[in-house]
Amino acid sequence: MTGSIGVPIYPTSTYAQDELGKPRMGYEYGRVSNPTRDRLETSLASLETGIGAKVFASGMAAVHAFCNLMKSGDHLLCTQNVYGGVPRLLDQVMANFGLEVTYVDTAELHAVEDAIRGNTRYLYAETPTNPLMALSDITALADVAHRHGIEMIVDNTFMSPYFQRPLELGADMVLHSTTKFLNGHSDGIGGAIVCSKREQVDKLAFVQKAAGAILSPFECWLVLRGIKTLPVRMKRHDENGRLVADFLNTHRRVRKVFYPGLPDHPRHELAKRQMSGFGSMIAFETGSLANATRLLQYLRVCILGESLGGVETLIAHPATMSHAAIGEKGRQAMGITDGMLRLSVGLEDVEDIIADLEQALARL
Ligand SMILES: Cc1ncc(COP(=O)(O)O)c(C=O)c1O
């Protein structure tokens, strides 16, 4: 209406109606719809080449909304090595409502096919995974799912639509923690599901209205603001990520580096095919909890903290942070060790990030 370059924030709980039963432009109540939220949902749908999107109060609220598409007695297949909050929700909350879940290595198509049952409704895949950076072939998985009449949802948080677009590869829905690269500034929590079919959008709109875990207009605006710089940020994240991974990979105190951009990553060829960049998420093995603890003490530029995808470099200890909830046995099964650290390489001068890691590693 005004040509304002910034998208307006509509902080309103309700809307004036001109006549009984005739809400203006369809806006009735803030939980059901909001113009700032509509704008973000349109933007996310466009970025992921979907037909619509729905945003939620957090990434986990988006996963929960997705679970609400199922009912008691339904079966879900889920990537084994997912973000720790997902099994916490599935095993400790959704299981109480009769949802059945099987965790499977989605890199192994036969394992996925063997785990499908008559009551399987969805395949939930995360690629690359958190924190091991394991990759699954989205096109091949979607083929398996569709042959069995199952829909597939992909958590695309680590790559963002700038580097990977699962719907174009055959997935049916895409999930994001917008908290990460889409927001990009570590100043908001949010989640989204992008859909390829009208029916999915309608069902998730109903979940927004019925369950109410919507994203606030201000948080929507923060994500819209983040999206404006997504391409420049992702390019720099990727450049810095590659250089930091190369540095760690040749350092004598680092036992192993998990980064899809390294030629010795087991799915490097798939990474080149399915993603247009490798991103900035890197896991590496220091050998022991004592080494990891000491390294974290000495770092000055890399900040110890949960989360990822912001402008600043964050370093995390999956065993006691993101993957604490799955317990030691669960971590062992996944291959997450006490000596493993996960970096979300930020946008600082890469020389500063490498110098920081170098001085800390030298003191081990
Ligand atoms: C890959 C992935 N998916 C989902 C989530 C959950 O998102 P949120 O923290 O916004 O609830 C996270 C959080 O770290 C994540 O890393």
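We count ligands from 1, going down the list as the structure has it; atoms in each ligand are counted the same way. Note that these values count all heavy atoms, side chains included, but never hydrogens, waters or copies made by symmetry.
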- request: Using a 4.0 Å heavy-atom threshold (strictly under), name the region of E306 that reaches ligand 1: side chain, backbone, both or neither.
  value: neither
- prompt: Can you say whether the rings of Y259 and F278 are parallel (under 30°), tilted (30 to 60°) or perpendicular (over 60°)?
  reply: perpendicular
- line: Quick note on ligand 1: atoms under 4.0 Å from a heavy atom of G190 include exactly 10 (O)
K180 heavy atom under 4.0 Å from ligand 1: yes
statement: Closest to atom 8 (P) of ligand 1 among protein heavy atoms sits G59 N, 3.4 Å
message: Just to confirm my output: which protein heavy-atom neighbour is closest to atom 5 (C) of ligand 1, and how far is it?
response: Y83 CD2, 3.5 Å
task: Please check if the side chain of S280 supplies one atom and the backbone of G241 the other of a donor-acceptor pair under 3.5 Å.
output: no
field: Per-atom contacts of ligand 1 with N130, taking only distances under 4.0 Å to non-hydrogen atoms
entry: 16 (O)
- prompt: What class does the angle between the rings of Y27 and Y15 fall in, given that below 30° is parallel, 30 to 60° is tilted and above 60° is perpendicular?
  reply: tilted
query: How are the rings of F247 and H251 set relative to one another: parallel (under 30°), tilted (30 to 60°) or perpendicular (over 60°)?
result: perpendicular
Any N or O of I189 closer than 3.5 Å to N or O of ligand 1: no
Side-chain donor-acceptor contact under 3.5 Å, D105 with Q80: no
message: Check this for me - ligand 1, L175, N or O atoms closer than 3.5 angstrom, yes or no?
response: no
- request: Pick whichever of D155, V82, T129 has a heavy atom sitting closest to atom 2 (C) of ligand 1.
  value: D155
message: When you compare the side chains of D187 and N183, does any donor N or O come within less than 3.5 Å of an acceptor on the partner?
response: yes
message: If only side-chain N and O atoms count, and only distance matters, is there a donor-acceptor pair under 3.5 Å linking Q164 with S276?
response: no
- prompt: When you measure from atom 11 (O) of ligand 1 to every protein heavy atom, which one gives the shortest distance, and what is it?
  reply: M60 N, 2.8 Å
